[in-house]
Enquirer: 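Before anything else, here's the structure in question.
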Amino acid sequence: MPERVYTRFDDDDVPSSKPSKPSVTSDKPPAPSQGKKRKRGELQSNPAPEKKASKLLADHASCAKTQQNSGNINGVSRSGPPQQNGIPRNGPGRDDKNGHGHGHGQHGQHGHLSKKREILLPLRKALPIWPHAEEIKAGLRGSKDVMLLTGETGSGKSTQVPQFLLDEPWCKGCIAITQPRRVAAISLARRVAEEMGSLLGSLSPASKVGYSVRFDNSTSPNTRIKFLTEGMLLQEMLRDPWLNQYSAVIVDEVHERSVNVDLLLGFLRNLVTGDKKGRNGKPLKVVIMSATADIESLFKFFDEGFQKSLNTCQKAKGDHTQTNGANDSDSSWSGIASSEDENSKKALTKKSKPNGVGKSNGERSLKRKENPSISPEPIDLTSDFMYTCYIEGRQYPVKIMYLPEPTQDFVEAALKSIFQIHYKEPLPGDILVFLTGQDTVEALERLVNEYALGMDTNVPKLLALPLFAALPQSAQQRIFHPSPPKTRKIILSTNIAETSVTVPGVRYVIDSGKVKIKQFRNRLGLDSLLVKPVSQSAAIQRKGRAGREAPGVCYRLYTEKDFVGLEKRTVPEILRCDLSGSLLTMKARGVDDIFSFPFLDRPPREALEKALLQLLQLGALTETGGISEVGLQLAKLPLTPTLGRVIVEAAKPERDCLLEIIDIIACLSVENIFLNLITEEKKEAAEEARRELYRREGDHMTLLTTVQAYAKENSDRKSWAERHFISHRAMQNVMDIRKQLRQQCTHLKLLHPSKIPLKESPAAPSEAQTNAILHSLLRGFAANTARLMPDGSYRTMLGNQTVAIHPASVMFGRKVEAIVFSEFVFTNKSYARGVSGVQLGWVGDVLGSMG
DNA sequence: GAGCACTGC
């Protein structure tokens, strides 16, 4: 009875039980429409010659049913179809942060620069955000220090907002704008420099736009707009906690909710609602840019900060004057808000009850929650200190198709959908498939290629392109090449395409509805990497990838009911990661009481306590919970506290193996340097080629040997890496980090400059050195130790859990009395990765010394 | 016998 049929849910991503208007749903077949409707059997009219293919298509044909193509569109339609203003794809301000859209070099001459600026100006003026310039400027004047801004994809917010604010009277200093990713920071800076007719960063002392990311700082004395990664701004706050060089901080892509952005928001709230005494009276304006759905919680977050500050201020006043009514809220308003104009004064008097405004807006926005994808109606979330602004985006409508029945095998379901789309839909229109990981990507790639062989010759060709982070850069670049003639590209991707990489040419998205997600388990102290259902917001994000260039279709490989049952939001990273690094960051920036730090989402007390305990065990905190000398050193290292602690240990005179440890740590802080090989043939070849690098002491000494051998190779490192089946890109990263860590350690007086060899030392480490290295590792990873049990398994020293040595380890299959490991991950079972053999007595010593 | 995605003076 249940026909396998894609059903379409019109219009809204989050269906409510009673749709506000009639829509095509799963229980009623759509009314036939005159236009593009295709017959059911149409797929069969193109029978594939090969049996497999024809079987597949026949299967799918019976379930393929196209829905009427109503003019109803999903997403933002208010501003009409995009690109009507002659704006090219990837044109100005379209949030193209891959750096592929406009890779112009610098034009050396002033004339060129201003000409470029003139050319770009009309394109800027056509952006959806342009008409809001005055509103945005006005929104931050007077007592209003915080602006919440939602701008959908393609609104131009990342490029235009800093330029709007630049000439405001309060803006005497620099504007910082943060990005979650390096490429985004750099390509946005390049774009804005062009728009302003300025050279980029350090290219000229006069340049007004720069950027700052790890390993790459490009600013000038005259930089007014600086794009930086979130981590970079946090790092700057270590030196300059009041952010004195900035007049404004713009935090972009807040909805991605990285750990760093959460910390940043907490610090910024404290700054902007605090006494600002370190800023010598200079104002600091904060702009938060995020998805519409987050605005309410962000508003509450900052509003709470302002309320608290009012209460504190008022209490202080009460204490001083010894007079009335500490709870009389009205009397306190004028105390803190030194309003600069009549309007804000009026606003002050209007707001009689602290919660009044927020509440009514809360009710209104609840309505929106049911339909988050409709055209945003402005919600009037305003306070005396905040302004909320909505910018429509440029997004084409995307139809959604659901499976009528859940599927167990999303790879097979994706395969069927790919061929269904390919046979049904005319070119152009590439297909983007969201899968969980390298394994499913490669499995589907093989299947697509296999079935494509059986396609009729008059059917367009298929080109399957895998996309995942571990893929070499050159292979990743293939997705940007235009399709060959009469060919449809099928991009098989992990969630890298959700945020990090924008694939051009996509009109069809197939969403497996699954994602591999990392979760830190406090009690066990280990990371889990598990396949889980995506959240609704992630599903919406994936769907949106189909509507970047033309109207599109999103095939969800789950039912509409499944979608309704999904979590609304992806759990923010800060609630599912090890917090020790974050807490160290906070302690180093003067947050004494981490339990009162303003978290947008507060991690459970247990997680905070666990992290504090870990920092204590590393010696990063004093007995009283203050930060120690070691802790300050760790906070300055671009490493996790654990890895940092290994560095500090290795610098001790009795260990004296810092350079070696730096090489190892550099490897541990990049992705796997050893390439994953698929065919048996290559695996064997790699085994053979790497034999000279393998060390029986374990993975850490193997990494050291590898770095030393690579560094020693002066002629052609790339071919050396290829010969040894080692990722050259990862090794370049390792060398960058090695350099940075050496510098850092010199600054921290852990390393004397005279110790850095001018030439790469070829000497293999002695046994004494090896022991020193392993002891240093043990100091940081004391909790990651296990002993061999009589039955041949390993059990952790703390917690007595079973761990298996990961198959990729050189220690795999070996039995030694004890092991130390730098990574502990749960996938199918608990695995130790990065394993070295150690003496049981050493482990006892280090555990004993920690108490 | 196995590898989501980012990021740091």
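A note on names: the letters A, B, ... follow the listed sequences, proteins ahead of strands, and every chain is numbered from 1.
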Enquirer: Taking the side chain of A469(A) as its heavy atoms from C-beta onward, which of dA5(B), dC9(B), dG8(B) lies nearest to it?
Expert: dA5(B)
Enquirer: Apply ring-ring contact (aromatic ring centres under 6.0 Å, His included) to F267(A) and list each qualifying residue two or more places apart in sequence or on a separate chain.
Expert: F597(A)
Enquirer: Between dC9(B) atom P and L741(A) atom CG, what is the distance in whole Å?
Expert: 10 Å
Enquirer: With a sphere of 6.0 Å drawn around CZ of R814(A), does it hold more than 12 non-hydrogen atoms of other residues, nucleotides or ligands?
Expert: yes
Enquirer: Within the 4.0 Å heavy-atom criterion, would you say L639(A) contacts the bases, only the backbone, or no part of the nucleic acid?
Expert: base
Enquirer: Pick base, sugar-phosphate or nothing for L637(A), based on heavy-atom distances below 4.0 Å to the nucleic acid.
Expert: base
Enquirer: dG8(B), dG3(B), dC9(B): which one has an atom nearest the side-chain heavy atoms of R182(A)?
Expert: dG8(B)
Enquirer: Determine the sole option in R548(A), K543(A), R542(A) for which the side chain to side chain contact (heavy atoms under 4.5 Å, CB included) test with R545(A) is passed.
Expert: R548(A)
Enquirer: To the nearest Å, give me how far apart CD (Q235(A)) and P (dC9(B)) are.
Expert: 5 Å
Enquirer: Look at the side chain of D439(A) and decide which nucleotide, out of dC9(B), dG3(B), dA2(B), has an atom nearest to it.
Expert: dG3(B)
Enquirer: Applying a 4.0 Å non-hydrogen cut-off, can you work out what N260(A) is touching in the nucleic acid: base, sugar-phosphate, or nothing?
Expert: nothing
Enquirer: Mark yes or no: R521(A) above the aromatic ring of F826(A), with NZ or CZ under 6.0 Å from the six-membered ring centre and no more than 45 degrees from the axis.
Expert: yes
Enquirer: Just how far, in rounded Å, is C1' of dC6(B) from CD1 of I737(A)?
Expert: 14 Å
Enquirer: I need the CG-P distance between D736(A) and dT7(B), as an integer number of Å.
Expert: 13 Å
Enquirer: Which part of the nucleic acid, if any, lies within contact of S258(A), taking any heavy atom under 4.0 Å across all strands shown: a base, the sugar-phosphate backbone alone, or nothing?
Expert: nothing
Enquirer: Without decimals, in angstroms, what is the distance between Y831(A) OH and dG3(B) C1'?
Expert: 11 Å
Enquirer: Given atom CZ of R545(A) and atom C1' of dA5(B), what is their separation to the nearest angstrom?
Expert: 13 Å
Enquirer: Return the nearest nucleotide to the side chain of M232(A); candidates are dG8(B), dA2(B), dG3(B).
Expert: dG8(B)
Enquirer: Report which part of the nucleic acid V259(A) touches: base, sugar-phosphate, or nothing (heavy-atom distance under 4.0 Å, all strands).
Expert: nothing
Enquirer: Base, sugar-phosphate, or nothing: which does E573(A) touch, judged by heavy atoms less than 4.0 Å apart?
Expert: base
Enquirer: So what does T827(A) hit on the nucleic acid, given a heavy-atom distance under 4.0 Å: a base, only sugar-phosphate, or nothing?
Expert: sugar-phosphate
Enquirer: How would you list, by chain and number, every residue that makes a ring-ring contact (aromatic ring centres under 6.0 Å, His included) with F821(A), sequence neighbours excluded?
Expert: F824(A)
Enquirer: Counting side-chain heavy atoms from CB outward, which of dC9(B), dA2(B), dC6(B) is closest to P638(A)?
Expert: dC9(B)
Enquirer: On DNA chain B, nearest-nucleotide positions of Q740(A) versus N495(A): which is more 5'?
Expert: N495(A)
Enquirer: Answer with base, sugar-phosphate or nothing: what part of the nucleic acid does I517(A) contact at a heavy-atom distance below 4.0 Å?
Expert: nothing
Enquirer: Nearest-nucleotide wise, let me know which of V213(A) and N828(A) is further upstream toward the 5' end of DNA chain B.
Expert: N828(A)
Enquirer: Give a yes/no on whether any side-chain N or O of Q743(A) is located under 4.0 angstrom from OP1 or OP2 of dC9(B).
Expert: no
Enquirer: How many Å lie between CG on L529(A) and P on dA2(B), as a whole number?
Expert: 13 Å
Enquirer: Before accepting this row, confirm whether a basic side-chain N of the pair R181(A)/E230(A) lies closer than 4.0 Å to the acidic partner's carboxylate O.
Expert: no
Enquirer: With a 4.0 Å cut-off on heavy atoms, is E256(A) in touch with a base, just the backbone sugar-phosphate, or nothing at all?
Expert: nothing
Enquirer: Check every strand shown and say whether R181(A) touches a base, only sugar-phosphate, or nothing at a heavy-atom separation below 4.0 Å.
Expert: sugar-phosphate
Enquirer: Which whole-number value in Å describes the distance from L228(A) CG to dC9(B) P?
Expert: 11 Å
